[in-house]
Amino acid sequence: MRLVIRNDCDEVSVWIAHYVKERINQYKPTEARPFVLGLPSGSSPLLIFKHLIEFYKAGEISFKHVVTFNMDEYIGIPKNHKESYYTYTNTIFFKHVDMQKKNINLLNGNASNLEAECRRYERKIIRVGGIELFLCGVGPDGHFAFNEPGSSLKSRTRVKTLAYESIVANSRFFSGDISKVPKAALTVGVATVMEAREVCIIITGAHKSVALAKCIEEGVNHMWAISAIQMHAKALIVCDEDATLELHVKTVKYFKSIEQVHQLLIGKTNLGLQGELLVPEVTISKSPHEKGHQLFIRHLLDSVSVEGYFTEDEEDHSPILKKRRR
Ligand SMILES: N[C@@H]1[C@@H](O)[C@H](O)[C@@H](COP(=O)(O)O)O[C@@H]1O
């Protein structure tokens, strides 16, 4: 699991948007071999979509051969309701880029046979070759999509009754009126998301800090559905400083130091805010542990040769590295 910590929600969004752009461009999607992207709802991806639209307008990316699967949809509100996830994603993303309509997949919360609709969705994911990258938002109780606490870790796309917390949380989109919030939804399952070849989780804000701690520092537990990510072979969590509030200081330092060394080894990446070199400042602190760490970083700065530092496996995890070597 890779944990990337940025200062705030804006930086998290810029980072992920660049990452998605890189992944798609490296993949070189075609009609016959599209890039399949899983998409979250909620507010977490808002700025990410904004940046992706900017990249598209600047000619840095095309979504022509990108196939999307939204992760969830309310049951029983009209497709064109302003809070349906269909309208939401269309308004803030699809209609601003060159997505082909046939490549956009959403669950139909008004299908006459909801069970059949869920089976259709799962079959369609398989038919396009599986999901390459699933972007996921997380609720404060650790749910993702509508996999509420207690969801089976083997669950697949299905009808789900919403937890009271989710109804309350989502009431902000329904003028604060709980009675207007749908009480059930269609959602991809925990297993559906975990079968994606890569999962990228967005966690920002102090209100999600417990969920992040449960996800990273404790065991896999269906009461914190997002903890299932520990079983994923290629998981990336991008969070802001506020979301780390409940993590142990040691955990934060550990992941930050890994990220620092990673950035050093790959040198200049396009994942910095302005494409800047993401090299940590080298200052010698008084703590013996930190001193050792800083000296190690300094040693790397002096001696690093990118070639030879990565195993094949790690190379697979780093599209940027591949690019640099070409
Ligand atoms: N069903 C949605 C999810 O798709 C979303 O990812 C999550 C977090 O929402 P937000 O990003 O607004 O915090 O909760 C909602 O209930």
Side-chain angles (χ1 to χ4, degrees), residues 1-27 47-48 51-52 55 60-61 133 135 197-204 212 215-217 229 232-244 247-285 287 289-326:
M1 175 190 291
R2 182 176 174 196
L3 175 70
V4 173
I5 304 167
R6 310 300 293 170
N7 284 325
D8 52 33
C9 177
D10 287 357
E11 289 191 16
V12 165
S13 305
V14 171
W15 198 100
I16 296 176
H18 274 284
Y19 189 78
V20 172
K21 181 180 80 170
E22 277 300 305
R23 288 283 277 108
I24 293 174
N25 285 342
Q26 296 276 329
Y27 191 92
L47 283 173
I48 300 172
H51 293 301
L52 288 174
F55 296 153
E60 295 170 21
I61 189 173
L133 173 64
L135 289 181
R197 285 184 280 285
E198 181 175 11
V199 179
C200 172
I201 297 170
I202 315 153
I203 308 190
T204 59
L212 181 60
C215 169
I216 293 184
E217 292 182 338
I229 200 69
H232 197 284
K234 196 172 176 186
L236 166 65
I237 300 177
V238 189
C239 70
D240 62 359
E241 288 285 350
D242 281 354
T244 68
L247 289 178
H248 292 115
V249 173
K250 192 174 163 186
T251 306
V252 174
K253 287 199 169 188
Y254 171 73
F255 281 105
K256 278 189 174 174
S257 76
I258 286 190
E259 204 51 37
Q260 285 179 341
V261 175
H262 180 76
Q263 296 302 340
L264 263 179
L265 295 181
I266 62 175
K268 192 176 189 312
T269 81
N270 60 351
L271 300 182
L273 276 180
Q274 262 79 49
E276 74 276 28
L277 189 61
L278 295 177
V279 172
E281 276 187 20
V282 181
T283 49
I284 305 298
S285 82
S287 131
H289 172 76
E290 285 203 7
K291 191 172 173 183
H293 174 70
Q294 300 288 5
L295 285 173
F296 172 63
I297 298 276
R298 177 168 285 176
H299 168 72
L300 277 175
L301 271 170
D302 290 343
S303 65
V304 73
S305 139
V306 172
E307 310 302 319
Y309 265 94
F310 293 87
T311 64
E312 284 305 304
D313 186 44
E314 282 166 320
E315 192 178 72
D316 275 342
H317 284 59
S318 174
I320 300 129
L321 249 193
K322 280 188 207 155
K323 190 173 159 191
R324 283 170 55 83
R325 285 185 179 184
R326 240 184 261 130

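Predicted, not measured: the structure shown is a model, and the values here were computed from it. This chain uses plain numbering: 1 for the first residue, then up along the sequence.
Rounding to the nearest 0.5 Å gives a distance of 11.5 Å between OH of Y27 and CG of L133. The distance from atom CG of D240 to atom SG of C9, rounded to the nearest 0.5 Å, is 6.5 Å. Interatomic distance, CD1 of I201 versus NE2 of H232, reported as 9.0 Å (0.5 Å rounding). The structure places CD1 of I237 at 6.0 Å from CG of L212, a figure rounded to the nearest 0.5 Å. Atom-to-atom distance recorded for L236:CG and I16:CD1 is 7.0 Å, nearest 0.5 angstrom.
Between R2 and E259, some side-chain heavy-atom pair lies under the 4.5 Å cut-off. Proximity of Y19 to V238: side-chain heavy atoms (C-beta onward) are nowhere separated by under 4.5 Å. Residues V14 and H51 form a side-chain contact, since some pair of their non-hydrogen atoms from C-beta on lies under 4.5 Å apart. Contact check for I216 versus F255: side-chain heavy atoms found under the 4.5 Å cut-off.
The two residues C215 and I229 have their closest heavy-atom pair at SG-CG2, 3.5 Å. In terms of heavy atoms, R6 sits closest to E11 at CB-CB, 3.7 Å. Of all heavy-atom pairs spanning L52 and A17, the tightest one is CD2-O, 3.6 Å.
Between the side chain of N25 and the main chain of E60, a donor-acceptor pair closer than 3.5 Å is present.
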Test side chain to side chain contact (heavy atoms under 4.5 Å, CB included) on E217 and L247; report intermediate values, then the result.
CA-CA 8 Å; E217 292 182 338; L247 289 178; 3.7 Å; yes
Is there a side chain to side chain contact (heavy atoms under 4.5 Å, CB included) between I5 and E241 once you walk through the steps?
CA-CA 6 Å; I5 304 167; E241 288 285 350; 3.8 Å; yes
